[in-house]
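First comes the structure, then the notes that go with it.
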Amino acid sequence: MNKPSPAIIAQSAVRRLPRLALWLFCLAYVLPGFFGREPWKNDDIAAFGVMQELALNASHWLAPQLLGTANGFDALVPYWLGALAIKGLPFLDPAFAVRLPFILLLALSLLATWYATYYLARSPQAQPVAFAFGGEASPTDYARAVADAGVLALIASLGLAQLSHETTPALAQLGCTALVFYAMAASPYRRATAIFGPSLGLLVGLTGLALSGAPTLAVLMGLGGALVEWTHARWGSDAAKDTHMSSAQKQSLQWVLLIVGITTFVAWLAFMLDLWRWRIHLPGTAGHNALSDWRKLGRLLLWFTWPAWPLALWTLWRWRRQLASRHVALPLWFALMSVMATLTTPAADRSLLLSLPPLAALAAFALPTLKRSVASLVDWFTLLFFTSCGIIIWVVWIAMQTGVPRQPAANVAKLAPGFEPSFSWLAFLIAAAATLAWAWLVKWRAGRHRAAVWKSLVLPAGGATLCWLLLMTLWLPLLDYARSYEPLSREVAKLVGKNSCVEMYGISTAQAAALQYHGRLKLRQATPRPVCPYLVVDADFQSTLGGTVHLPDWILVTTVRRQVDRSENVVLYRRSTANASKTSKQRSP
């Protein structure tokens, strides 16, 4: 027997969000951050370095490396995509070429989340209460309105902005997770034997997730989806009733077998490619304070998934009698697996990123049950928060350009010494247009309009898009200076000359990739028998340098400082002339 639905929605409340407005929302969020910037530290530039190595055939495609180092490069698919983009688009700058497939991955994440939420909302148990005299929302219109809200909730999530605009395995995992989420949500409405559609999405999504560095999550999500589908087949069908129950159950069981089969194949493939890694990192281990670690994780969970998590909790409360239903059980399982990975892996934020599509779907189902007072509270908080953030971004930018107000200008000079601001008419006009659009959106939201399910998430999504766009236009030169290794790399290249052979010691993979890309240097690991005329050493490892190289062979030149972070200074050495000549004579025939 079906439990009563807590959603009471009239047909007038499920009108579609205008497609043009939705597309503009997505474009304004997706494109900024991929254009006009340098690769950022640390994972962004390190991943780019691996892609370059693959494109130049300097690394094996089944074992991606950077200068012979494979630490942390367990993924395959994201590096393949970047390398293929470099090879296929040789007329573009490599750092820009690798971003093109990742733009598509972010767009896929938004699209798959919309369709996943749409199909979940089509479930009979997710439908609103039928009115005695009619007028309740139609299933299709209701599903579209809830799906619109799901995409807005995903865009509004604060943690999505930066990580979804980096060319790292995290974005590939996000796209694949969203694709698997869609495939399982749509399974009652498509045949398991169909080649295209959810079946293909399930195969590509689970395989891609495993080959992007998350085979354990791929297996757990597959098994959880099979369990939800089996429960759906065992206790009834969301797609049929009574007379058609047997055929619907048969289709559900076919999906169970398909999911289990694909999951088994993915586990075997990850084993054959040696992608399984034991990386459990519990809070309080490795000499860390457990209480401090739990506090950090708590703060991360609170801000990273805002505003989706409070709405998701409201969904679990209001739909508590339907927890076993597909529209609650499936996104809940996906979100729980991602949160568990967050609590047990060092890269907590990148694991938590995968929880955003299912949390956005759960948040969307809160809106049909939300009280008007709560919706107004969300609107006012969002209005104050994002308007304040936008004003701060503009004030600091004006201070950078004019020196007034003095205090923000002084703060920028202190935090980013050596930074020289520049003015761009294009960036200014885009930022001004976005600010005017935000003002219009606030005015529209404050006006008296017919209620719509998705209205409560328009301001959060619009505010998140505004602030991200302002940061990627007005603040982009400052962020590039602060978050890239370009100034450091170019300073080293100026001292040794471009295309010079340089040995390195203690240099991180991110720094090495930056020295190769920005400085055009030919790097190799330092050895007791030096080959290159220069040696660059991380300042923190200078005290242990004598255990690897013969120090009398090298003369200290200078320390190259990274102005925004003095803990990332590098020390430059030059081989002594006498020892260089001696080595050359020994190697001559």
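As the structure is a computational prediction, the values presented were derived from the model and not from experiment.
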Indicate the atoms forming the closest heavy-atom contact of [X] with [Y], along with that distance.
X      : Y      : answer
Ala399 : Pro405 : CB-O, 3.5 Å
Ala46  : Ala513 : CA-CB, 4.4 Å
Val536 : Ile507 : O-CG1, 3.9 Å
Leu217 : Met337 : CD2-O, 3.6 Å
Ala360 : Leu154 : CB-N, 3.6 Å
Leu515 : Ser489 : N-OG, 3.7 Å

Tell me if a side-chain donor or acceptor on [X] pairs with a main-chain N or O of [Y] at a distance below 3.5 Å.
X      : Y      : value
Tyr534 : Gly497 : no
Trp454 : Arg15  : yes
Arg99  : Phe35  : no
Thr117 : Ala147 : no
Thr382 : Leu459 : no
Glu53  : Leu67  : yes
His165 : Pro32  : yes
Ser355 : Ser351 : no
Gln173 : Ser212 : yes
Arg574 : Leu535 : no

[X] vs [Y] side-chain heavy atoms within contact, under 4.5 Å:
X      : Y      : answer
Leu171 : Glu166 : no
Phe428 : Thr473 : no
Phe334 : Pro357 : no
Ser456 : Arg445 : yes
Asn569 : Val560 : no
Leu66  : Gln516 : yes
Ile430 : Leu469 : yes
Leu100 : Phe96  : yes

Inset, instruction - Take Trp306 and Ser157 through the test side-chain hydrogen bond (donor to acceptor under 3.5 Å, both in side chains) and record every step on the way to the result. - result: CA-CA 5 Å; Trp306 180 272; Ser157 300; over 6 Å; no
Legend entry - Short side-chain donor-acceptor distance under 3.5 Å, Tyr481 and Glu38: no
Inset, instruction - Examine the side chains of Trp438 and Thr387 and answer whether a donor and an acceptor come within less than 3.5 Å of each other. - result: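 There is such a pair (donor and acceptor under 3.5 Å, judged by atom type) between the side chains of Trp438 and Thr387.
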[X]/[Y] ion pair, N-O < 4.0 Å:
X      : Y      : value
Glu568 : Lys41  : yes
Arg16  : Asp148 : no
Arg350 : Asp43  : yes

Legend entry - CH2/Trp317: more than 12 non-hydrogen atoms of other groups inside 6.0 Å: no
Inset, instruction - Take atom CZ of Phe25 as the centre, draw a 6.0 Å sphere, and report whether it contains more than 12 heavy atoms from other residues, nucleotides or ligands. - result: yes
So how far is it from [X] [atom1] to [Y] [atom2], rounded to the nearest 0.5 Å?
X      : Y      : atom1 : atom2 : value
Leu521 : Glu503 : CG    : CD    : 13.0 Å
Tyr485 : Arg562 : OH    : CZ    : 5.5 Å
Ser109 : Phe181 : OG    : CZ    : 12.5 Å
Trp475 : Leu470 : CH2   : CG    : 10.0 Å
Asn42  : Thr509 : CG    : OG1   : 7.5 Å
Leu22  : Leu152 : CG    : CG    : 6.5 Å

Inset, instruction - Using the side chain to side chain contact (heavy atoms under 4.5 Å, CB included) rule, take Gln542 and Tyr505 through it: C-alpha gap first, then chi angles, then the decisive distance, then the call. - result: CA-CA 9 Å; Gln542 191 176 9; Tyr505 177 79; over 6 Å; no
Inset, instruction - Please assess Leu311 against Trp309 for the test side chain to side chain contact (heavy atoms under 4.5 Å, CB included), listing each intermediate value before the final yes or no. - result: CA-CA 5 Å; Leu311 293 175; Trp309 72 262; over 6 Å; no
Inset, instruction - Check side-chain hydrogen bond (donor to acceptor under 3.5 Å, both in side chains) between Arg372 and all other residues, then give those that pass, not counting sequence neighbours. - result: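 Result, side-chain hydrogen bond (donor to acceptor under 3.5 Å, both in side chains) vs Arg372: none returned.
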Legend entry - Cation-pi, Trp23 ring and Arg19 (6.0 angstrom, 45 degrees): no
Inset, instruction - Go through the steps for Thr113 and Tyr182 under the test side-chain hydrogen bond (donor to acceptor under 3.5 Å, both in side chains), then give the verdict. - result: CA-CA 7 Å; Thr113 300; Tyr182 147 74; over 6 Å; no
Inset, instruction - Test side-chain hydrogen bond (donor to acceptor under 3.5 Å, both in side chains) on Asn411 and Gln407 and set out the steps. - result: CA-CA 6 Å; Asn411 292 339; Gln407 191 57 48; 3.0 Å; yes
Taking the inter-plane angle between the rings of [X] and [Y] on a 0 to 90° scale, is it parallel (under 30°), tilted (30 to 60°) or perpendicular (over 60°)?
X      : Y      : result
Trp114 : Tyr118 : parallel
Phe423 : Trp425 : perpendicular
Trp397 : Trp394 : perpendicular

Inset, instruction - Tell me, with the steps shown, if Asp44 and Thr167 meet side-chain hydrogen bond (donor to acceptor under 3.5 Å, both in side chains). - result: CA-CA 6 Å; Asp44 193 31; Thr167 57; 2.9 Å; yes
Inset, instruction - Could you please spell out the steps behind the side chain to side chain contact (heavy atoms under 4.5 Å, CB included) verdict for Ile155 and Leu110? - result: CA-CA 8 Å; Ile155 293 175; Leu110 298 177; 4.1 Å; yes
Inset, instruction - Evaluate the criterion side chain to side chain contact (heavy atoms under 4.5 Å, CB included) for residue pair Lys455 and Leu367; output intermediate values, then yes/no. - result: CA-CA 9 Å; Lys455 282 184 68 175; Leu367 301 185; over 6 Å; no
